Amino acid sequence: MPIVQISIVKGRDRQSVARCIREVAQTVATTLDAPLTSVRVMVSEIEPDLFAVGTTLKSDPVTTPPPANDSPLETTTEWNVDRAARHLLDAEAERRDITRITDAWPELDISAGYLVQEAIIREKVAEGHTVVGVKLGLTSRAKQKRMGIDSPLTAVLTDRMYLEPGEPVDLHRFIHPRIEPEIVFTMARDLRGPDVTAADAIAAVGEVRAGFEVIDSRYRDFNFALPDVIADNASSAGFYIGDVIRNPADLDLSLEACVVRVNGEVVDTATGAAVQGHPAEALALAANSLAQRGQYIKAGDIVLTGGLTDAVFVSAGDEISAQFTNLGSIVVTA
Ligand code: OOG
Ligand code: MG
């Protein structure tokens with residue numbers, strides 16, 4: 001039985017580590033011509049202050065390198081809302097990742113981030129896209145911990161993001177897609193903040209369904225600060241909606257459970273309570289946040305309430321599923 005021992009520095013992204021373990025197992029099995037199930041891969045984690053490269057410990061504060069010279073925009077100081085919007089639109093169109101804008105333009109704050117997001121959506125609408133709803137981002141602890149940001153945000157959904165059930169995730173269309181299970185509302189009535197409560201919010205919902213959001217940050221390695229991700233329309237790229245339609249009044253959505261599987265293996269689980277205690281709280285939060293910018297949620301809008309679990313990387317050949325208690329299952333392939 002081949003046994004391989006790998007050491008890694010603590011704090012690495014769990015999904016990258018898991019991927020690395022699988023690759024090592026595959027390589028060992030192939031190299032030794034041994035059955036894959038006989039291979040054991042053991043990982044030990046090393047404290048970052050017990051690992052040095054030269055005299056620099058992994059725990060030493062990182063000095064940020066100058067921003068990569070992706071485009072002339074990143075070396076110019078003349079940043080403004082329209083330039084930032086163009087930079088993000090170009091990155092999306094060319095499937096090219098960029099360094100976060102706040103590195104080059106520290107004045108990009110939350111309100112400027114929303115102005116950039118609005119400029120991007122204006123441009124898309126001018127190109128023929130239609131706004132179909134709203135999404136929330138970073139509403140669960142799982143998502144907030146992964147991204148290192150503890151504040152939710154809102155963004156805009158368009159018709160071009162809609163993915164048909166059964167349609168594979170087109171890996172040529174995206175930079176580095178990840179997928180996350182969400183509880184999705186369709187609004188029966190307008191919902192206008194401020195002071196919207198979860199009860200007001202749920203009363204305005206017509207239908208609830210399961211969803212899978214495909215996110216594809218335009219930033220390298222999903223590395224961004226809050227204003228960057230707001231500007232980038234919260235990494236939006238695509239979304240699937242399940243075919244089981246329920247009335248939210250018939251379910252306790254805080255207890256609605258979801259099991260995420262990748263190629264048959266359970267990788268994560270959560271319940272609706274992961275999203276702000278209840279998805280209706282997230283919906284109320286969206287209405288109140290939009291009100292600060294003079295906007296509201298409209299009857300007919302689709303609302304993605306935010307990833308329940310951490311997002312899963314999508315690789316060629318993967319089958320990723322989200323199985324809900326009452327909202328059915330969504331299976332996505334790549
Ligand atoms: C930001 C988008 C977050 C969610 O559901 O939390 C989001 C990201 O993780 O890149 O869509
Ligand atoms: Mg999401």
Side-chain angles (χ1 to χ4, degrees), residues 13-16 88 91-92 97-102 110 113-114 116-117 120-121 132-158 161-163 169 174-185 208-242 253 256 258 260 268 270-283 285-286 289 301-314 320 322 324 327 330 332:
D13 172 271
R14 276 346 243 183
Q15 285 177 354
S16 317
L88 284 159
E92 181 178 0
D97 59 5
I98 54 174
T99 51
R100 58 191 196 169
I101 296 174
T102 47
I110 290 174
Y114 279 112
V116 174
Q117 185 192 108
I120 287 174
I121 299 302
V132 296
V134 172
K135 68 168 260 190
L136 285 121
L138 309 182
T139 46
S140 67
R141 281 296 296 144
K143 287 288 307 181
Q144 293 179 353
K145 264 172 74 184
R146 164 68 63 204
M147 296 348 255
I149 295 175
D150 60 8
S151 176
L153 66 151
T154 68
V156 179
L157 301 174
T158 71
M161 298 171 190
Y162 175 75
L163 297 165
V169 178
F174 302 116
I175 304 166
H176 43 195
R178 297 181 184 184
I179 190 162
E180 54 196 17
E182 307 218 1
I183 289 177
V184 180
F185 293 130
V208 57
R209 290 195 257 183
F212 240 157
E213 184 184 14
V214 178
I215 51 171
D216 192 36
S217 174
R218 268 51 69 173
Y219 300 111
R220 188 159 308 151
D221 302 325
F222 279 75
N223 183 340
F224 43 69
L226 182 58
D228 297 295
V229 63
I230 290 171
D232 187 27
N233 200 29
S235 312
S236 337
F239 62 89
Y240 295 91
I241 303 185
L253 287 175
E256 180 69 15
C258 165
V260 183
D268 221 330
T271 67
V275 170
Q276 302 289 300
H278 193 294
E281 293 285 357
L283 180 60
L285 190 154
S289 161
D301 273 359
I302 296 166
V303 181
L304 266 57
T305 54
L308 295 159
T309 66
D310 193 7
V312 175
F313 276 102
V314 185
I320 305 169
F324 287 76
L327 302 176
I330 305 187
V332 168

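We count ligands from 1, going down the list as the structure has it; atoms in each ligand are counted the same way. None of these values were measured; they are calculated from a predicted model.
Although no hydrogens or angles enter the test, the distance criterion places no donor-acceptor pair under 3.5 Å between the side chain of D232 and the main chain of S217. Under a 3.5 Å cut-off, the side chain of D216 and the backbone N or O of H176 do form a donor-acceptor pair. The backbone N or O of F222 sits nowhere less than 3.5 Å from a side-chain atom of S235 that would complete a donor-acceptor pair. Put simply, the side chain of D310 never gets that close to the backbone of A142: no donor and acceptor are under 3.5 Å apart. The main-chain N or O of G307 is found under 3.5 Å from a side-chain atom of S140 such that the two form a donor-acceptor pair. Here the side chain of N233 pairs a donor or acceptor atom with the backbone of V156 at under 3.5 angstrom. A distance-only check finds no donor-acceptor pair linking the side chain of K143 to the backbone of G306 [under 3.5 Å]. Side-chain N or O atoms of Q144 include one that pairs as donor or acceptor with a backbone N or O of L138 at under 3.5 Å. A donor-acceptor pair under 3.5 Å is absent between the side-chain atoms of E180 and the main chain of E213, judged by distance alone. In this structure a side-chain-to-backbone donor-acceptor pair under 3.5 Å is present from Q117 to I230.
Not one N or O of S217 is nearer than 3.5 Å to an N or O of ligand 1, by distance alone. Ligand 1 has no nitrogen or oxygen under 3.5 angstrom from a nitrogen or oxygen of F224. Between G137 and ligand 1, not a single N/O pair is under 3.5 Å apart. Looking at ligand 1, you won't find any N or O of T139 less than 3.5 Å from one of its N or O atoms.
Closest to atom 6 (O) of ligand 1 among all protein heavy atoms lies L138 N, 2.7 Å. In terms of protein heavy-atom proximity, atom 2 (C) of ligand 1 is closest to A234 O, 3.3 Å. Of the protein's heavy atoms, K143 NZ, 2.8 Å lies nearest to atom 9 (O) of ligand 1. Atom 7 (C) of ligand 1 has E180 OE2, 3.1 Å as its closest protein atom, hydrogens excluded (heavy atom only).
The side chain of S235, and not its backbone, has at least one atom closer than 4.0 Å to an atom of ligand 1 (non-hydrogen atoms only; side chain from C-beta on). Only the backbone of L136 comes within 4.0 Å of ligand 1, counting heavy atoms alone; no side-chain atom from C-beta on gets that close. For E213, every heavy-atom contact with ligand 1 shorter than 4.0 Å involves the side chain, none the backbone. Only side-chain heavy atoms of M147 come within less than 4.0 Å of ligand 1; its backbone N, CA, C and O stay farther off.
The closest approach between K135 and ligand 1 falls below 4.0 Å for a heavy atom of the residue. Ligand 1 has at least one atom lying under 4.0 Å from a heavy atom of E182.
Side-chain contact check for I183 versus V275: every heavy-atom pair is 4.5 Å or farther apart.
The number of protein N, O or S atoms lying under 2.8 Å from the Mg ion (ligand 2) is 3.
Interface atoms of ligand 1 facing V229, defined by a heavy-atom separation under 4.0 Å, are 1 (C). In summary, the atoms of ligand 1 found under 4.0 Å from a heavy atom of G307, numbered by their order in the structure, are 4 (C), 5 (O), 6 (O). With ligand atoms numbered from 1 in the order given, ligand 1 contributes 5 (O) to contacts under 4.0 Å with heavy atoms of G306. Close approach of ligand 1 to I215 (heavy-atom distance below 4.0 Å) involves ligand atoms 8 (C), 9 (O), 10 (O), 11 (O). Below 4.0 Å from some heavy atom of F222 lie the following atoms of ligand 1, by number and element: 10 (O).
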**Study point:** Candidate pair Y219 and L88, rule side chain to side chain contact (heavy atoms under 4.5 Å, CB included), full reasoning
**Key:** CA-CA 9 Å; Y219 300 111; L88 284 159; 3.6 Å; yes
Check your understanding: Can you check side chain to side chain contact (heavy atoms under 4.5 Å, CB included) on V132 and F239, steps first, answer last?
Key -> CA-CA 12 Å; V132 296; F239 62 89; 4.2 Å; yes
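Note that NE2 of H278 and CG of L253 are 5.0 Å apart. Values are rounded to the nearest 0.5 Å.
For F174, the ring pair (Phe, Tyr, Trp, His ring centres under 6.0 Å) criterion is met by no residue, not counting sequence neighbours.
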